[in-house]
Amino acid sequence: MNQQECSKQFMTAAGLLPERLWRAAFTVPPDEREKIEEFRLRIGRPFCAVGAGKRYTLADTVTRGELDELLQRATRSSIHTYMEQIRQGFITVPSGHRLGLCGETAEQNGEITNLRSFSSCNLRIARQMIGLADALCAQIYQNGFESTLILAPPG
């Protein structure tokens, strides 16, 4: 992915943030923004960005109101529409970004029925990595395809 596309993904993810945090996100130096993998928001803790093994503290403590505003923006003010995803602990937002959620769960018969009282979230920035698996695909298909599970950290 080229720098312009990375910048666009950074901007669309940051665009979901409440204004104060949005402004803070843009304090990351422009040449470092393409490396940012996620924004971390935890009530009562600093607002951070993480990427390429670095952690950037961007603003002082995140408030409940800011977390609630982010959730409203991510769900387009229609939380009930996203309830199935919320029960799974994340929301996929426009541009493919993923908002991981932490909070209190309500359970019934051992199954999560609701997630509420959100305390933190991670906004993972989606990035397309063209050609990343080319060498691996050659190995996987060498003797005909068999089932394969690929696990890796972000990036």
Side-chain angles (χ1 to χ4, degrees), residues 1-108 110-134 149-155:
M1 181 175 267
N2 67 37
Q3 187 173 4
Q4 184 179 15
E5 290 167 339
C6 287
S7 290
K8 181 181 177 187
Q9 290 298 89
F10 179 92
M11 288 191 304
T12 60
L16 292 167
L17 299 168
E19 185 176 353
R20 181 181 76 92
L21 303 181
W22 176 83
R23 291 183 188 281
F26 282 92
T27 64
V28 173
D31 59 325
E32 295 288 308
R33 291 177 191 162
E34 67 186 66
K35 299 172 189 167
I36 300 300
E37 297 166 354
E38 68 184 29
F39 294 112
R40 293 182 181 169
L41 296 86
R42 297 178 209 149
I43 295 173
R45 305 277 309 269
F47 170 55
C48 299
V50 177
K54 292 184 180 179
R55 181 175 176 260
Y56 299 87
T57 299
L58 305 175
D60 60 356
T61 57
V62 173
T63 67
R64 175 165 304 283
E66 288 170 326
L67 202 63
D68 289 344
E69 184 177 342
L70 173 59
L71 189 58
Q72 288 296 318
R73 288 173 180 234
T75 61
R76 299 178 194 156
S77 298
S78 184
I79 290 177
H80 68 279
T81 302
Y82 289 82
M83 194 50 69
E84 184 57 38
Q85 288 185 53
I86 290 171
R87 279 195 288 266
Q88 295 175 31
F90 68 90
I91 298 171
T92 301
V93 296
S95 301
H97 308 304
R98 193 171 233 191
L99 184 65
L101 303 165
C102 292
E104 294 177 12
T105 60
E107 295 183 30
Q108 188 173 34
E111 197 172 304
I112 296 174
T113 59
N114 197 5
L115 183 62
R116 61 179 183 265
S117 299
F118 299 102
S119 58
S120 65
C121 65
N122 284 358
L123 178 55
R124 178 75 47 88
I125 300 173
R127 295 236 168 72
Q128 184 178 14
M129 306 295 278
I130 296 172
L132 187 66
D134 289 350
L149 176 64
I150 300 172
L151 301 172

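Keep in mind that the numbers below use all heavy atoms, side chains included, and drop hydrogens, waters and symmetry copies.
Thr63 OG1 to Arg20 CZ: the interatomic distance, rounded to the nearest 0.5 Å, is 6.5 Å. Atom OG of Ser7 and atom CG of Asp31 lie 10.0 Å apart (nearest 0.5 Å). To the nearest 0.5 Å, atom CG of residue Leu41 and atom OG1 of residue Thr61 are 11.5 Å apart. Distance check: Leu16 CG to Cys121 SG gives 10.0 Å after rounding to the nearest 0.5 Å. In this structure, CD in Glu69 is found 9.0 Å from CD in Glu19, a value given to the nearest 0.5 Å. Note that the CZ atom of Arg124 and the CZ atom of Arg40 stand 8.5 Å from one another [nearest 0.5 Å].
At least one side-chain heavy atom of Glu84 sits under 4.5 Å from a side-chain heavy atom of Arg87. Side-chain contact check for Arg98 versus Glu38: every heavy-atom pair is 4.5 Å or farther apart. Looking at Phe39 and Val28, their side chains never come closer than 4.5 Å, going by heavy atoms from C-beta outward. Side chains of His97 and Ile125 form a contact here, defined as non-hydrogen atoms less than 4.5 Å apart. Counting heavy atoms from C-beta on, the side chains of Ser95 and Gln9 come closer than 4.5 Å. The shortest distance between side-chain heavy atoms of Leu21 and Glu66 falls below 4.5 Å. Counting heavy atoms from C-beta outward, Pro46 and Leu58 have side chains that stay 4.5 Å or more apart.
The two residues Trp22 and Leu17 have their closest heavy-atom pair at N-CB, 3.8 Å. Across all their heavy atoms, Ile43 and Phe118 have their closest contact at CD1-O, 3.3 Å. Between Cys48 and Arg55 the shortest heavy-atom distance is SG-NH2, 3.0 Å. Between Tyr56 and Pro29, the closest heavy-atom pair is CE2-CD, 4.5 Å.
With hydrogens and angles ignored, the 3.5 Å screen pairs a side-chain donor or acceptor of Arg33 with a backbone N or O of Phe26.
Residue Arg73 qualifies as enclosed at atom CZ: its count of foreign heavy atoms under 6.0 Å is above 12. Taking a 6.0 Å sphere around CZ of Arg64, one finds it holds more than 12 heavy atoms contributed by other residues, nucleotides or ligands.
The residue from Leu101, Leu123, Ile79 that alone fulfils the side-chain contact (heavy atoms from CB on, under 4.5 Å) condition with Ile91 is Leu101.
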